Every structure is written in structure tokens, then in C-alpha cells.
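Below is one structure, written out as C-alpha cells; the observations come after it.
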Amino acid sequence: MNRFTRFFFIFSLLLNLFLAASIGFIVQRLGGWKFAWHRFSTDESSLYVHRKSIFSMLPDKTGSIVFLGDSQIQLGEWREFFGDSLPILNRGISGDHVDGVARRLTDVLRNRPSKIFLCVGANDLLLGKPQPEIENRYREIVQTIRRESPDAVLVLNSILPINNEVKNLHLENSEIQKMNARIGQIAREFALPMIDIFSPLTDSQGNLAQKFTEDGLHLNGAGYLVWRKQLEVFLKK
């Protein structure tokens with residue numbers, strides 16, 4: 001083994017040791033190897049499991065107004081937005097997707113809701129799931145709600161825009177608009193109202209306006225005020 005080969009071998013060994021130590025440190029900071037294996041071996045995040053278990057043990061609230069979906073729903077203080085007089089239930093889970101929503105419809109529909117506001121699909125797009133697959137699963141959600149709760153007013157909400165200049169999310173707003181067109185087609189098929197939240201939140205370039213977000217994905221207070229205005233007409237009926 002010549003000097004260059006020996007140097008390269010030692011450098012590679014030290015680099016690998018450094019990388020291994022860094023990975024170990026990061027894993028420990030994030031909860032340890034057991035937690036990492038749990039996240040790797042299951043397709044449900046711990047947050048999904050925890051919130052779903054809470055929803056399942058809560059008492060039925062017949063005639064409630066349900067906000068159903070992902071983090072955009074979970075982070076909205078809907079009851080305070082519209083007043084305590086309305087029986088609003090927040091059934092949003094951060095990171096949720098169409099499959100996750102479909103799996104927990106039983107706990108939602110046992111409340112015999114009077115209205116359901118559905119907003120989901122963004123995480124499916126962020127994960128690169130094919131749009132026809134998202135559309136089919138979304139349609140199944142709508143079919144289940146119409147079959148199991150035919151008297152409930154189901155309102156579909158468009159997927160919200162993002163801003164890759166604030167944070168690169170590796171998803172283009174043009175793709176979100178394509179998915180929104182698919183959701184619009186589902187709304188027409190079932191004669192359902194659909195609220196366009198995408199357009200009033202965008203800037204002149206078609207991105208989520210920076211005044212409505214801090215991280216390029218989720219809405220801040222000003223953004224939720226825009227959404228609330230779009231919803232008011234459906235809540236007052």
C-alpha cells in the first residue's frame with residue numbers, strides 16, 4: 001500500500017466515522033433509534049395515531065359542523081373564527097393525506113354532521129403521488145360521505161397555493177392547479193359546492209403571497225382571515 005492509497009484509506013475511514021457519528025447524534029436528538037424504526041416501519045405518523053385515538057374516544061355531537069383535512073385544517077381556530085355558538089369540530093391532522101382521511105371517516109360521520117368542509121390532497125402532491133390516484137381516492141371519500149351522511153352539506157375546498165421562494169417545497173403551483181381542476185370535476189359529478197381558496201391567496205406570479213405565510217406552505221393569521229371570508233356564506237346558511 002503506497003502513501004497515497006494509505007492516505008485515501010484513512011481519510012475515507014475518518015469521513016465514514018464522522019458521518020456515522022453525525023447520523024447517530026441526529027437520530028438521538030429526534031427521539032432515538034426505536035422511534036426512528038417506528039417511523040420507518042409504519043406509514044402513519046405518531047401525530048396521526050394520537051389525534052385519531054382522541055377523536056375516537058370523544059362523545060358524539062349530532063349536527064356538528066366538521067372541518068376535515070390536513071394541517072391547513074388543524075391549524076385553523078375555526079370555532080373562534082366563527083363564534084362559540086356554532087357546533088364546530090376540528091378534525092384536521094397535520095401531515096394527513098387522502099388515504100388517512102378515508103381511514104377515519106367512521107369517527108367523523110358518527111357525529112351526523114350538518115356540514116363538512118373538506119380540504120386534503122396537498123401532502124399527497126408533496127409526496128409525489130400520481131394525480132389520478134389522488135383523484136380516485138378523493139372521489140371514494142366523497143362517495144362514502146354522500147352514502148353514509150346524505151343529509152350533510154359537503155363543501156369541497158381547493159388545495160392551497162405554496163411559495164417556493166420562501167421555502168423550496170419541490171412542488172409547482174401549476175401541479176396544484178391541475179389537482180384542483182380534478183377536485184372541481186368531482187364537485188360537478190356530485191353537484192357539490194367547491195370553494196376556491198387558491199386564487200384569493202396568490203400573488204401576481206400565482207404563488208402563495210408572502211403576506212399570508214411564514215414558511216411558504218402554511219397560512220398565518222392574515223391568510224386564515226381570507227379563508228374565513230370565503231367560508232362565511234356557507235356557515236350562515
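If you're wondering where the values come from, they're calculated on a predicted model, not measured in any experiment. We number each residue from 1, following the sequence as shown.
P150 is linked by a side chain to side chain contact (heavy atoms under 4.5 Å, CB included) to nothing, counting only residues two or more places apart in sequence or in another chain. For R188, the side chain to side chain donor-acceptor pair (under 3.5 Å) partners are Q185, not counting sequence neighbours. Judged as a salt bridge (Lys or Arg N to Asp or Glu O under 4.0 Å), and not counting sequence neighbours, the contacts of D99 are K129, R137. With sequence neighbours excluded, the residues forming a ring pair (Phe, Tyr, Trp, His ring centres under 6.0 Å) with F67 are W78, F117, listed by chain and number.
Pairs passing the side-chain hydrogen bond (donor to acceptor under 3.5 Å, both in side chains) check and including a residue from residues 215-224, sequence neighbours excluded, read S71-H218, T213-D215, E214-N220, D215-H218.
Judged by distance alone, the side chains of E175 and Q131 do bring a donor and an acceptor atom under 3.5 Å apart.
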With a cut-off of 3.5 Å and sequence neighbours excluded, list every side-chain donor-acceptor pair involving residues 189-196.
unit_1: E189; atom_1: OE1; unit_2: R139; atom_2: NE; d: 3.0
unit_1: E189; atom_1: OE2; unit_2: R139; atom_2: NH2; d: 3.0
unit_1: D196; atom_1: OD1; unit_2: F198; atom_2: N; d: 3.1
unit_1: D196; atom_1: OD1; unit_2: S199; atom_2: N; d: 3.2
unit_1: D196; atom_1: OD2; unit_2: S199; atom_2: OG; d: 2.6

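At a threshold of 4.0 Å, the pair R91-D107 does not count as salt-bridged, since none of the basic side-chain nitrogens sits closer than that to a carboxylate oxygen.
Cluster membership for L208 and V226, using ILVMFWY side-chain heavy atoms within less than 4.5 angstrom, is shared. At a threshold of 4.5 Å between side-chain heavy atoms, the hydrophobic network of Ile, Leu, Val, Met, Phe, Trp and Tyr places I88 and I197 in one connected group. Neither I116 nor V153 shares a network with the other; the hydrophobic side chains, linked directly or stepwise wherever heavy atoms of I, L, V, M, F, W or Y lie under 4.5 Å apart, form separate groups for each. By the criterion of side-chain heavy atoms lying less than 4.5 angstrom apart, applied directly or through intervening Ile, Leu, Val, Met, Phe, Trp or Tyr residues, W227 is not grouped with V66; the two fall into different hydrophobic clusters.
Here the CG atom belonging to N207 is positioned 5.0 Å from the CG atom belonging to N163, to the nearest 0.5 angstrom.
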